[in-house]
Novice: 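Got a structure for you, written out below as C-alpha cells; questions coming shortly.
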Amino acid sequence: MEPSNDTGISDFLLLGLSEEPDLQPLIFGLFLSMYLITVCGNLLIILAVTTDSHLHTPMYFFLVNLSFVDICFISTTVPKMLQNIQNNSKVITYAGCITQIYFVLLFAGWDDFLLTVMAYDRFVAICHPLHYTVIMNPRLCGLLVLVSWIISAQNSLLQSLMTLRLSFCTGMEIPHFFCELSKVVGQACPDKFLNDMVMYFATVLLGVAPLPGILYSYSKIVSSICHISSIQGKYKAFSTCASHLSVVSLFYCTGLGVYLSSASPQSSHSSAVASVMYTVVTPMLNPFIYSLRNRDIKSALKRIVGVPVI
C-alpha cells in the first residue's frame, strides 16, 4: 500500500542508536549476540517445559507463552536493524514500517497481559492453594491467553490503521532503531491529534490499567507470605514470585517510560535507549531470571543439554 503523504515519499529512514560509523560494528555485534541469546534461551525454556510432564502446570504454561512472545517481539525489531547496519542503509519501506508497528504493538501488548495473568496465577497459588487446581483449570488458562491475544491484536490493528490515515509532509527520519509508533506519528503533518489521543488512551488502558491488578495481587501475596510461620516456607513462597516481579518491574518501568515521555522532543535518544530495555534486554533476561531461580526448570534443562545449569 502506498503512503498517503503530500510528497510521494515511500520510505522512512531509521537513524538507529548512533550515527557514528565507528560504532556500527560494535552495535551490530552486541545486538546480534543479544538476539541469539534471546532466541536460544527462550527456545530452551519452551523445550524444557513441553518435554517434561512435571512442568505441565498453569505457571509453566504461561511461561511458555511468554517465551514465545519474547522470541516474536525481539524478532520484529532487531533483524531489520542488523540488516540495515550490514548493508550500511537506514531505509525501511512505508509498508515495512506499518507492519513493524503492528507487530511491535501486538507482542508488547500480549507481553503486558501475560505478565498480568502470571501475577494472578501466583496470587491464586499462594493465597488460595487448596483451590488452585480448580480455579486455574486448563480451560481458564487457555481462555486468558486467548483473550490477551485478541485484545492486543485489536489494539495493534486500530493503531496501525490510524497511522495509515496520516500524511507525511516533511521529515521522514525516525530517531529510533525501529518504527516506534510515537516517533512515526511525530513525523506526520499537523492532522495527528486523533492519533495522539488514541495512542495515549491505549497506553493508559492497556499499559497502565493492568498495573493495579498486578500490584493488588502482590499486596495479597506479601500479606499471605507474612502469615506463614516457617522461614523456609516464606522463602519458598517468595522465590516463586521474585522472578516474575523482576520481569514486571523492568518491563513496565522502561515501556511506560518511553510512551509517557514521548511528548517531549528532547527525549529522542533517551527514548531509544529505554526502548532497548523493554524490546531487547527484557526478552533476553527472561530465560535467565526464570531458570536460575527455578529448580524445576534447571532440572529439565539439565536433562536436555546434558550438563548442570548453575
Side-chain angles (χ1 to χ4, degrees), residues 42 45-46 49 57-74 103-129 131-132 135-159 199-225 237-260 277-279 281-283 285-287 289-290 293-294:
N42 283 288
I45 294 293
I46 295 173
V49 174
T57 63
M59 181 177 72
Y60 296 112
F61 171 74
F62 296 130
L63 180 57
V64 165
N65 280 273
L66 183 66
S67 294
F68 171 75
V69 172
D70 284 340
I71 293 174
C72 297
F73 194 11
I74 195 172
F103 283 108
V104 166
L105 292 176
L106 172 65
F107 295 122
W110 200 0
D111 211 328
D112 179 25
F113 283 115
L114 281 175
L115 291 175
T116 306
V117 169
M118 292 173 76
Y120 175 71
D121 173 73
R122 292 299 84 205
F123 161 71
V124 176
I126 293 176
C127 299
H128 305 282
H131 304 285
Y132 177 69
I135 297 175
M136 301 303 296
N137 57 76
R139 183 174 179 274
L140 177 63
C141 293
L143 184 62
L144 289 173
V145 172
L146 178 61
V147 170
S148 300
W149 180 83
I150 291 175
I151 296 175
S152 181
Q154 288 179 336
N155 171 62
S156 58
L157 180 61
L158 173 63
Q159 300 276 18
M199 180 174 62
Y200 289 119
F201 177 76
T203 301
V204 172
L205 183 64
L206 304 181
V208 179
L211 191 56
I214 295 176
L215 295 177
Y216 174 80
S217 297
Y218 275 98
S219 66
K220 291 296 184 180
I221 288 172
V222 171
S223 177
S224 297
I225 291 176
F238 179 76
S239 64
T240 62
C241 303
S243 300
H244 179 259
L245 195 57
S246 301
V247 173
V248 168
S249 301
L250 185 59
F251 181 84
Y252 263 94
C253 290
T254 56
L256 289 180
V258 168
Y259 278 89
L260 296 180
M277 296 299 294
Y278 82 91
T279 59
V281 176
T282 301
L285 292 179
N286 280 356
I289 292 175
Y290 282 108
R293 298 184 60 89
N294 191 303

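As the structure is a prediction and not an experimental result, all values here were calculated from the model. For the numbers below, each heavy atom of this structure counts, side chains included, while hydrogens, waters and symmetry mates do not. In what follows, residues are counted from 1 in the order of the sequence shown.
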Novice: Between S219 and Y216 (side chain of the first, backbone of the second, donor and acceptor by atom type, cut-off under 3.5 Å), is there such a pair?
Specialist: yes
Novice: Can you list everything that forms a side chain to side chain donor-acceptor pair (under 3.5 Å) with D70? Sequence neighbours excluded, please.
Specialist: N286
Novice: List the atom of V124, the atom of M136, and the distance in Å for their closest heavy-atom pair.
Specialist: CG1-CG, 4.1 Å
Novice: Which heavy-atom pair separates I135 from L140 by the least distance, and what is that distance?
Specialist: O-CD2, 3.0 Å
Novice: Counting distance only, does the side-chain N/O of S152 pair as donor-acceptor with the main-chain N or O of W149 below 3.5 Å?
Specialist: no
Novice: Output the distance between atom CZ (F61) and atom CG (D121), rounded to the nearest 0.5 Å.
Specialist: 11.0 Å
Novice: How far apart are the C-alpha atoms of L146 and I150, what are their side-chain angles, what is the distance that settles it, and do they pass the side chain to side chain contact (heavy atoms under 4.5 Å, CB included) test?
Specialist: CA-CA 6 Å; L146 178 61; I150 291 175; 3.9 Å; yes
Novice: Compare all side-chain heavy atoms of V145 with those of W110 and state whether any distance is below 4.5 angstrom.
Specialist: yes
Novice: Ignoring hydrogens and angles, state whether a donor on the side chain of D111 or Y278 is under 3.5 Å from an acceptor on the partner side chain.
Specialist: no
Novice: Can you give me the closest heavy-atom contact between A153 and S156, atom names plus distance?
Specialist: O-OG, 3.0 Å
Novice: Using the side chain to side chain donor-acceptor pair (under 3.5 Å) criterion, which residues pair with S67? Sequence neighbours excluded.
Specialist: N42
Novice: Given the rule in the side chain to side chain contact (heavy atoms under 4.5 Å, CB included) test, do T279 and I74 qualify, once you have shown the distances and angles that lead to the verdict?
Specialist: CA-CA 6 Å; T279 59; I74 195 172; over 6 Å; no
Novice: So, for Y132 and M59, which heavy atoms are closest and what is the spacing to 0.1 Å?
Specialist: OH-N, 3.8 Å
Novice: What is the minimum heavy-atom distance between A119 and Y218, and which atoms define it?
Specialist: CB-CE1, 3.9 Å
Novice: Determine whether C141 and F62 satisfy the following criterion, side chain to side chain contact (heavy atoms under 4.5 Å, CB included), listing intermediate values before the conclusion.
Specialist: CA-CA 8 Å; C141 293; F62 296 130; 3.8 Å; yes
Novice: Can you list everything that forms a ring pair (Phe, Tyr, Trp, His ring centres under 6.0 Å) with F123? Sequence neighbours excluded, please.
Specialist: H128
